[in-house]
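For reference, the structure is listed below as structure tokens.
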Amino acid sequence: MQRKHRRLALGAAAAGIVLAGAAVPLSPQSAAATATAIDWKACGDDGKAQCATLRLPVDWAHPDGPTFGLAIARRKALDPDARVGTLVFGPGGPGDSGVQRITTGIDRFSERLRQRFDIVSFDPRGIGASNPVTCSAALLAARPDPNIKSPREFKATLAYNEKLRDDCRKRTGPLYDHADTMSTVRDVDAIRAALGETKLSFHGSSYGTLLGAEYAETYPGRVRAVVLESVIDHGVGSARSFLGADMGAAQDSFDQFAAWCDRTASCALHGRDVRGVLRDLRERAARGVLADPQTPGRALTEFELLVVTYKAFYGPDWAKLALLLSALEASEPVRPVPAKPAEGTGTDNFTAQFCSDWNLPVRDYREFARLSRSGDRIAPDMHGTRPVMAVTACLGWPKPVANPQHRLKVRTAAPILLLNAVHDPATPYAWAQSVARQIGPKATLLTYAGSGHGVYNSGPCTRDAIDGYLISLKVPARGTVCPAVPQ
């Protein structure tokens with residue numbers, strides 16, 4: 001009921017947007033007139049992208065209050081005569097820059113899409129050039145290990161989280177408490193209106209799928225097309241469920257890597273006990289003697305080692321991971337050099353956004369220890385990696401959170417296309433199945449039979465399916481499976 005009332009308040013607010021110095025109401029009647037008001041400037045290394053800033057309310061429930069600048073970027077359709085419209089890309093993370101995706105990473109999109117669409121993205125509120133969450137660099141550098149091992153460490157993490165929140169809120173300003181995805185949904189609708197589009201064509205990847213799903217739920221009549229690629233399930237209700245699914249996905253990805261090494265002669269660990277290699281490296285990292293290959297004189301923590309391993313599953317890049325683990329195994333023990341104290345400020349592109357979207361409470365150390373033991377059973381090789389950090393970073397976050405988990409109620413007339421790898425390390429395939437069920441008959445889930453996080457460029461099957469849907473609104477046949485692309 002609270003969520004429904006909040007949406008009614010948002011929908012009734014007299015929303016405003018400042019473009020080129022003028023306040024423009026976000027109504028369908030005025031949307032077309034605003035398209036030329038955006039003060040686009042050439043940007044990007046090649047000068048062919050365009051960048052601008054939209055002035056938007058910090059709190060959409062109070063549009064006359066403080067504002068912030070939302071950084072946006074676009075590349076216009078290469079074939080104006082064949083142009084379908086505008087495609088808005090929702091970046092992942094949370095923490096990824098959509099502006100950089102347009103200015104320097106546009107090759108993520110096929111030539112076919114670039115011919116037919118203006119492609120637009122943005123830095124979500126609190127990230128990049130959009131009023132970034134700013135904090136003490138020294139505090140950020142002092143973040144405790146997320147793998148808490150005692151009641152004292154649990155208490156210390158609570159105290160650290162509170163201190164960091166207070167510092168970041170003071171330095172960032174009022175946006176710190178309005179960094180949730182439902183606020184970003186309103187930002188995306190402001191982008192749509194400012195561009196003169198009556199309906200939205202949207203492609204969200206990873207954390208951007210939460211944005212796309214909640215946009216379709218909030219504005220069903222304004223949806224033309226929505227692609228959800230590597231799908232977040234915001235219906236996961238507890239820390240146990242969240243960690244169980246995500247740690248299981250990480251372990252599954254490690255199992256895929258180990259099996260590949262076993263059968264692939266070119267793997268740098270071929271013929272070796274891959275699990276044993278990682279176990280030994282974890283033990284060395286826990287003792288503080290595993291050299292960081294990027295920073296001479298610095299030791300990798302066990303958590304950092306796991307994150308490096310985990311990130312290699314995104315591509316996946318199994319060959320590179322095998323070489324790295326082999327090199328770490330052969331490295332000499334490091335004698336850590338004391339780090340220089342961090343000075344000035346830094347940015348936190350994760351905490352305010354994630355913790356505003358997820359209520360994953362852990363009452364005390366006893367409960368955390370039970371979760372850790374469960375993680376050890378679910379993921380014997382990968383327990384303690386990034387999903388744990390997501391939970392511990394939010395310990396003590398004020399309740400209620402701005403955008404708590406819920407099951408979707410999407411009533412759009414437009415079809416929605418979901419895609420997920422069977423072996424995704426970060427967004428389990430089961431999450432995509434769950435979200436497809438929540439959306440109902442308008443959802444079509446396309447399965448990629450391989451590994452990796454993000455499937456658009458996992459071969460022509462997935463890429464052509466997304467391109468074809470965005471251009472023609474035709475979804476693949478239900479039950480379609482794209483074959484795995486060999487490493």
Side-chain angles (χ1 to χ4, degrees), residues 1-31 33-34 37-39 52-72 88 90 94 98-99 122-135 162 164-195 200 210-211 214-215 217-219 222 345 347-359 397-404:
M1 184 64 69
Q2 180 183 15
R3 182 182 180 85
K4 181 178 180 182
H5 287 167
R6 180 169 180 264
R7 282 202 179 143
L8 290 174
L10 290 174
I17 177 174
V18 177
L19 297 170
V24 182
L26 294 180
S27 65
Q29 292 78 13
S30 66
T34 69
I38 301 178
D39 188 16
T53 300
L54 305 186
R55 204 80 210 164
L56 301 179
V58 167
D59 182 355
W60 280 101
H62 299 92
D64 295 327
T67 63
F68 77 103
L70 183 81
I72 63 173
V88 176
V99 168
F122 58 98
D123 287 350
R125 51 173 58 211
I127 293 168
S130 297
N131 196 152
V133 171
T134 304
C135 318
E162 182 178 13
L164 182 67
R165 284 195 303 272
D166 291 345
D167 178 83
C168 300
R169 181 180 290 111
K170 180 179 178 180
R171 296 175 188 270
T172 304
L175 186 138
Y176 186 82
D177 294 309
H178 298 278
D180 60 289
T181 294
M182 271 304 302
S183 294
T184 307
V185 164
R186 297 301 302 269
D187 298 343
V188 168
D189 201 52
I191 294 172
R192 176 202 59 78
L195 292 169
L200 179 73
L210 175 57
L211 177 60
E214 292 198 338
Y215 185 95
E217 183 179 40
T218 307
Y219 298 113
R222 299 178 186 176
T345 60
T347 56
D348 184 345
N349 289 337
F350 179 85
T351 308
Q353 287 78 13
F354 186 86
C355 299
S356 296
D357 283 334
W358 294 87
N359 179 27
W397 190 266
K399 302 294 187 293
V401 302
N403 182 37

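Predicted, not measured: the structure shown is a model, and the values here were computed from it.
Considering only residues two or more places apart in sequence or on other chains, Asp348 meets the salt bridge (charged side-chain N to carboxylate O under 4.0 Å, His left out) condition with Arg143. In this structure, the salt bridge (charged side-chain N to carboxylate O under 4.0 Å, His left out) partners of Asp187, at least two apart in sequence or on a different chain, are Arg125. Looking at residues two or more places apart in sequence or on another chain, you find no side chain to side chain donor-acceptor pair (under 3.5 Å) involving Thr184. With sequence neighbours left out, Asp177 forms a side chain to side chain donor-acceptor pair (under 3.5 Å) with Arg169. Considering only residues two or more places apart in sequence or on other chains, Pro174 meets the side chain to side chain contact (heavy atoms under 4.5 Å, CB included) condition with Val58, Pro66. Residues meeting the side chain to side chain contact (heavy atoms under 4.5 Å, CB included) test with Ala71, sequence neighbours left out: Val99, Asp123, Ala129, Ser130. Listed by chain and residue number, Asp167 satisfy the salt bridge (charged side-chain N to carboxylate O under 4.0 Å, His left out) test with Arg171 (two or more places apart in sequence, or in another chain). Legend: residues meeting ring pair (Phe, Tyr, Trp, His ring centres under 6.0 Å) with Phe68, ordered by chain and number and at least two apart, are absent. Listed by chain and residue number, Thr181, Tyr207, Asn403 satisfy the side chain to side chain donor-acceptor pair (under 3.5 Å) test with Asp357 (two or more places apart in sequence, or in another chain).
To the nearest 0.5 Å, atoms CZ (Phe122) and OG1 (Thr53) are separated by 14.0 Å. Note that CG of Leu54 is 5.5 Å distant from CD1 of Ile38, once rounded to the nearest 0.5 Å. With rounding to the nearest 0.5 Å, the separation of NZ in Lys170 from OH in Tyr176 is 14.5 Å. The distance from atom NE2 of His62 to atom NE2 of His178, rounded to the nearest 0.5 Å, is 8.5 Å.
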- [ ] Apply the test side chain to side chain contact (heavy atoms under 4.5 Å, CB included) to residues Ile191 and Leu70: give CA-CA distance (whole Å), side-chain angles for both, the deciding distance (0.1 Å), then the verdict.
- [x] CA-CA 9 Å; Ile191 294 172; Leu70 183 81; 3.7 Å; yes

Might you work through the side chain to side chain contact (heavy atoms under 4.5 Å, CB included) test for Lys399 and Asn359, ending with a clear yes or no?
CA-CA 8 Å; Lys399 302 294 187 293; Asn359 179 27; 2.7 Å; yes

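Nearest heavy-atom pair across Ser183 and Asp180 is OG-OD1, 2.9 Å. Across every non-hydrogen atom of Pro132 and Thr347, the tightest pair is CB-CG2, 4.1 Å. The minimum heavy-atom distance between Trp397 and Ser356, with the atom names listed, is CZ2-OG, 3.7 Å. Across every non-hydrogen atom of Leu56 and Ala190, the tightest pair is CD2-CB, 3.7 Å. Val188 and Leu200 get closest at one heavy-atom pair: CG1-CD2, 3.9 Å.
Note on ring orientation: taking the six-membered ring where Trp is involved, the planes of Tyr219 and Tyr215 are tilted (angle from 30° to 60°).
Side-chain contact between Cys355 and Arg165 is absent, with no heavy-atom pair separated by less than 4.5 Å. Contact of the Asn131 side chain with the Thr172 side chain is registered, since non-hydrogen atoms from C-beta on lie closer than 4.5 Å.
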